[in-house]
Structure formats: C-alpha cells, structure tokens
Amino acid sequence: MMTREEIIRMAREAGFDPHDMSDDFTCNLEDIERFAALVADHEREACAKVCEERQEVFQKYYTKGLAAMCAEAIRARGEQ
C-alpha cells in the first residue's frame with residue numbers, strides 16, 4: 001500500500017499541487033495519465049521486490065532464478 005507521502009510525491013511529479021485542490025480544481029487528461037503511469041510504475045516495482053525478497057525460498061524448492069525472472073517480467077510490463 002502506498003503512503004500518503006508517496007501519493008503526494010507522485011501527484012507533484014505528475015504536475016498536481018495536492019495542497020491546492022479546491023472545489024474548482026481542474027486538471028487535464030495528460031495530468032491524469034502521467035499520475036496513473038507513476039502509480040502503475042510504483043506498484044510494478046513493489047511486486048517485483050516481493051519476488052526478489054522470495055528468491056531464497058524459491059531457490060530452495062524451485063528452479064534457481066525463478067523469482068528473478070518473475071521480477072524482470074513484472075518490470076518489463078512498464079515498457080510495453
């Protein structure tokens with residue numbers, strides 16, 4: 001789960017000012033797409049890290065490198 005600080009950082013990176021979102025706040029589709037891409041990148045990286053953290057356990061029971069291959073595949077989804 002993302003922290004409030006991470007969400008605010010990504011919103012700023014996408015061009016939003018999260019502290020200036022009043023009732024008349026507007027944004028355009030590009031801002032929303034940029035924010036969505038940042039959130040997706042963050043989630044992919046979190047999933048890939050889970051695979052890497054399980055690498056030792058996976059190596060004990062499964063093919064060596066399986067978790068690393070999974071992490072690489074997850075990260076590659078962002079390049080599509």
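Pairing each heavy atom of A11 with each of F35, the nearest pair is N-CE1, 3.6 Å.
Contacts of E45 classified as side-chain hydrogen bond (donor to acceptor under 3.5 Å, both in side chains), with partners at least two apart in sequence or in another chain: R75. With sequence neighbours left out, D31 forms a side-chain contact (heavy atoms from CB on, under 4.5 Å) with F16, C27, N28, R34. For E13, the side-chain hydrogen bond (donor to acceptor under 3.5 Å, both in side chains) criterion is met by R9, not counting sequence neighbours. Every residue two or more places apart in sequence or in another chain that forms a side-chain contact (heavy atoms from CB on, under 4.5 Å) with V50 is listed here: R54. By the side-chain contact (heavy atoms from CB on, under 4.5 Å) test, I74 pairs with R44, C47, A48, C51, sequence neighbours left out.
Within the structure, the salt bridge (charged side-chain N to carboxylate O under 4.0 Å, His left out) test picks out no pair touching residues 65-74 (sequence neighbours left out).
Atom NE2 in H42 sits 4.5 Å away from atom CE in M10 (nearest 0.5 Å).
Under the 4.5 Å side-chain criterion, counting only non-hydrogen atoms from C-beta, E43 is not in contact with V39.
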